[in-house]
A.B. asks: 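Quick one: the structure is below, and I'll ask about it shortly.
For this chain, numbers begin at 1 and follow the sequence in order.
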Amino acid sequence: MTVPVVAFISLYFVLNGGNALYALLLMSFSLITQLFPALLFSLLPNNRSNKYGAALGILAGVTTVTYLTLTKTTIGTLFPDLPQAMKDFNNGFIALFVNLLVALLISLLTHRSVAKK
């Protein structure tokens, strides 16, 4: 039942303008990218992150991607003085930076309480 519903929704977007599918595609790649820092930190032998930092980092990254996509904000509109090559970066890079920052900050703040347990 789900496949026909998704097919009809996709058909609607294609017939009414392909830009919506393009935006969904970019947003999905940006959302999947938010899992990368947690994966990378989990593979390190000297892991400084914990589950709280990883979860809140992913949540912050997903929130950032969603906000930037819905408001159609880009790196170029946030930082107009950057060189053109940097203005063309995907919004996922901003969200990835926010994700890393939040994950590391929360992991540092909760490190002692997790270590006591």
Side-chain angles (χ1 to χ4, degrees):
M1 182 66 187
T2 305
V3 174
V5 172
V6 171
F8 282 121
I9 291 171
S10 300
L11 180 65
Y12 171 78
F13 282 128
V14 167
L15 294 177
N16 291 322
N19 290 338
L21 285 177
Y22 176 71
L24 287 173
L25 177 72
L26 285 178
M27 187 173 169
S28 67
F29 283 133
S30 297
L31 291 174
I32 293 296
T33 305
Q34 301 311 309
L35 300 175
F36 180 70
L39 173 72
L40 183 68
F41 287 140
S42 71
L43 296 175
L44 293 175
N46 191 6
N47 189 1
R48 296 277 185 208
S49 68
N50 56 31
K51 63 183 178 182
Y52 305 111
L56 288 176
I58 291 170
L59 184 64
V62 166
T63 304
T64 304
V65 166
T66 305
Y67 174 76
L68 292 176
T69 303
L70 293 178
T71 60
K72 296 182 175 147
T73 306
T74 63
I75 295 175
T77 58
L78 291 174
F79 305 106
D81 295 334
L82 287 176
Q84 186 62 38
M86 293 182 75
K87 287 182 185 179
D88 292 336
F89 281 162
N90 189 337
N91 285 338
F93 285 114
I94 296 174
L96 191 61
F97 177 73
V98 170
N99 183 343
L100 283 169
L101 188 68
V102 169
L104 291 175
L105 183 68
I106 297 298
S107 292
L108 287 173
L109 292 175
T110 60
H111 178 67
R112 292 180 191 248
S113 65
V114 172
K116 287 181 184 178
K117 290 181 183 180

A.B. asks: How far apart are the closest heavy atoms of Ser42 and Asn47, and which atoms are they?
C.D. replies: CA-ND2, 3.9 Å
A.B. asks: In the structure I gave you, are the side-chain heavy atoms of Asn91 and Thr73 within less than 4.5 Å of one another anywhere?
C.D. replies: no
A.B. asks: Identify the two heavy atoms, one from Ala38 and one from Ile58, that lie closest to each other, and give their separation to 0.1 Å.
C.D. replies: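 Distance-wise, the nearest heavy atoms are CB-CD1, 4.2 Å.
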A.B. asks: State, to 0.1 Å, how close Ala95 and Gly61 come at their nearest heavy-atom pair, and which atoms those are.
C.D. replies: CB-O, 3.5 Å
A.B. asks: So which heavy atom on Pro37 is nearest to which on Leu100, and how close?
C.D. replies: CB-CD2, 3.6 Å
A.B. asks: Tell me the closest heavy-atom pair linking Ser107 and Gly53, and the distance in Å.
C.D. replies: OG-CA, 3.5 Å
A.B. asks: What's the spacing between Ser30 OG and Leu68 CG if we round to 0.5 Å?
C.D. replies: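 Here the interatomic distance stands at 9.0 Å.
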A.B. asks: Are Tyr67 and Phe79 co-members of a hydrophobic cluster defined by side-chain heavy atoms under 4.5 Å apart?
C.D. replies: yes
A.B. asks: Using the side-chain contact (heavy atoms from CB on, under 4.5 Å) criterion, which residues pair with Phe93? Sequence neighbours excluded.
C.D. replies: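 So Phe93 forms a side-chain contact (heavy atoms from CB on, under 4.5 Å) with Phe89, Asn90.
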A.B. asks: Quick one: pull up CD in Gln34 and OG1 in Thr64 and give me the separation to the nearest 0.5 Å.
C.D. replies: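 It comes to 7.5 Å.
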A.B. asks: Is there side-chain contact between Ile75 and Met86, with heavy atoms separated by less than 4.5 Å?
C.D. replies: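 Not in contact.
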A.B. asks: To the nearest 0.5 Å, what is the distance between CG on Asn99 and CG on Leu35?
C.D. replies: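 Rounded to the nearest 0.5 Å, the CG-CG separation comes to 8.5 Å.
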A.B. asks: Can you get from Ile106 to Leu108 by hopping between Ile, Leu, Val, Met, Phe, Trp and Tyr side chains that sit under 4.5 Å apart?
C.D. replies: no
A.B. asks: Should Leu105 and Leu101 count as side-chain neighbours, where that means a heavy-atom distance under 4.5 Å?
C.D. replies: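 No, every pair of side-chain atoms sits at 4.5 Å or beyond.
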A.B. asks: Can you list the steps and then say if Phe41 with Leu104 is a side chain to side chain contact (heavy atoms under 4.5 Å, CB included)?
C.D. replies: CA-CA 10 Å; Phe41 287 140; Leu104 291 175; 3.6 Å; yes
A.B. asks: Given Thr110 and Asn50, is the side chain to side chain donor-acceptor pair (under 3.5 Å) satisfied, shown in steps?
C.D. replies: CA-CA 8 Å; Thr110 60; Asn50 56 31; 2.8 Å; yes
